[in-house]
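Structure first, commentary second.
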There are 2 protein chains.
Amino acid sequence: MSSAAPLEVGRLGAVPRTAAQTRVITAALDLFGQHGVSGTSLQMIADAMGVTKAAVYHQFKTKEEIVIAVLEVDLMRLESALDAAEAEQGPRAREVLLTLVIDLAVQRRRIVSALQQDPVIIRLFARHKPFLALMDRLFAVLTDGESSAGVRVRAAMISAAIGGAVTHPLVMGLDDETLRTQMLHVTRQLFERPA
Amino acid sequence: MSSAAPLEVGRLGAVPRTAAQTRVITAALDLFGQHGVSGTSLQMIADAMGVTKAAVYHQFKTKEEIVIAVLEVDLMRLESALDAAEAEQGPRAREVLLTLVIDLAVQRRRIVSALQQDPVIIRLFARHKPFLALMDRLFAVLTDGESSAGVRVRAAMISAAIGGAVTHPLVMGLDDETLRTQMLHVTRQLFERPA
DNA sequence: GTCTATATAACGATAGAC
DNA sequence: GTCTATCGTTATATAGAC
């Protein structure tokens, strides 16, 4: 895991995947969530699939390509949420975004915090143009264009709260629907009474 | 990084450290924050200190011992904050806790999210009795003894928000004092108007 | 306390057979 | 698409000299 080539620019592309590639992505996703990217070896992915490392390398040339493929799945879901939010007017846009992002985070609770906090993924994102563009759009809706310290801190805390709470030990026993409803409620509190 | 022995029980002990050990802890702390525990090798720690791996192994027998030593530093700070909070009565306890925890998170912003989200550390914490006891005390103050779904979700989101916001790209440019003040303000909003 | 040197295992990655 | 076998590198960890 150490290269420096610039990745693709522009909108996220819907890369078509074979069935074998999808199996790799599914296994890797689960392991990244449990052990992080650095803590997950190609051998672990192969073992989880019941094949050898060589079979995994036949689907993806490098480990980094697997990481990118795993990210693309969730990044495209996030992009869809943003598309839907941006189609709304005024404060409705933010409301729609938060609802959809919380849905997404709860659905994908096993992987979300890894995606948001893993050092390898953070480094990858920093040179991944479509992701950076996505984050710009995300925070434009969240902050409504403002960029004062107060607004930035609020947006950062909400982003971290949504991504981090879904894997928190305190909520492990809660079902998806309860977690979703309660998170939406707490999140709204942060916007109802602005700085 | 793979053992399963139970760690010490009870209150956190103030382990005395030699100067050389402290140098290891400082270097490791910085690297864990940047690359995570799995992404940090003994060689990287040795290089950062300007010594060889053997010198590092003379201070700590295993990598896991280094991880534990790094954790102890911040866990004891957290314990102090908790001691101070528990000395207060009623709602003042929570107010004091949040203020001190936010101070701590901002001061230690380079390492906090690693400490809270790194998979190796999470696994280590799960069998570390003094840490589990500390978390119980922390959430007792945060939730004021309640344990409804609403209260749990709120506490989880606040915990994640504080730990995760301090390293968020949106607040990278903010100085510690601004970040601290704004975070405290947003956090208070979450408690002023309970479920 | 730090060094050189080494043991042993696992890592990412590839070649070539089936 | 998967296998066996292997390459070169790096990982954790140790022995013994200074």
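Below, read A as the first sequence line, B as the second, and so on, with proteins coming before strands; counting in each chain starts at 1. These numbers were taken from a predicted model, which means no experiment stands behind them.
Closest of all the heavy-atom pairs between A:A27 and A:M49 is CB-CG, 3.7 Å.
A:Y57 is linked by a ring pair (Phe, Tyr, Trp, His ring centres under 6.0 Å) to nothing, counting only residues two or more places apart in sequence or in another chain.
DNA chain C lies under 4.0 Å from at least one heavy atom of each of the following residues of residues 42-62 of chain A: A:L42, A:Q43, A:K53, A:A54, A:Y57, A:K61, A:T62. A heavy-atom distance below 4.0 Å to DNA chain C is reached by none of the residues of residues 25-33 of chain A.
Between A:D175 and A:R180 there is no salt bridge, since no side-chain nitrogen of the basic residue lies less than 4.0 Å from a carboxylate oxygen of the acidic one. Ion pairing between B:R17 and B:E72 holds under the 4.0 Å rule for side-chain N and carboxylate O.
Comparing atom distances between the B:K63 side chain and each of D:dT12, C:dC11, D:dT2 picks out D:dT12 as nearest.
Taking the six-membered ring where the residue is Trp, A:F125 and A:F131 present parallel rings, their angle staying beneath 30° rather than reaching 60°.
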- [ ] Could you give me the CA-CA distance, side-chain angles and deciding distance for A:T178 and A:Q182, then say whether side chain to side chain donor-acceptor pair (under 3.5 Å) is met?
- [x] CA-CA 6 Å; A:T178 304; A:Q182 294 295 334; over 6 Å; no
TODO: Take B:H168 and A:S159, measure what side chain to side chain donor-acceptor pair (under 3.5 Å) needs, and give me the verdict at the end.
DONE: CA-CA 9 Å; B:H168 202 288; A:S159 162; 3.2 Å; yes
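No donor-acceptor pair under 3.5 Å is formed between the side chain of A:K53 and the backbone N or O of A:D47.
Counting non-hydrogen atoms under 4.0 angstrom, A:T40 reaches the backbone sugars and phosphates but no base.
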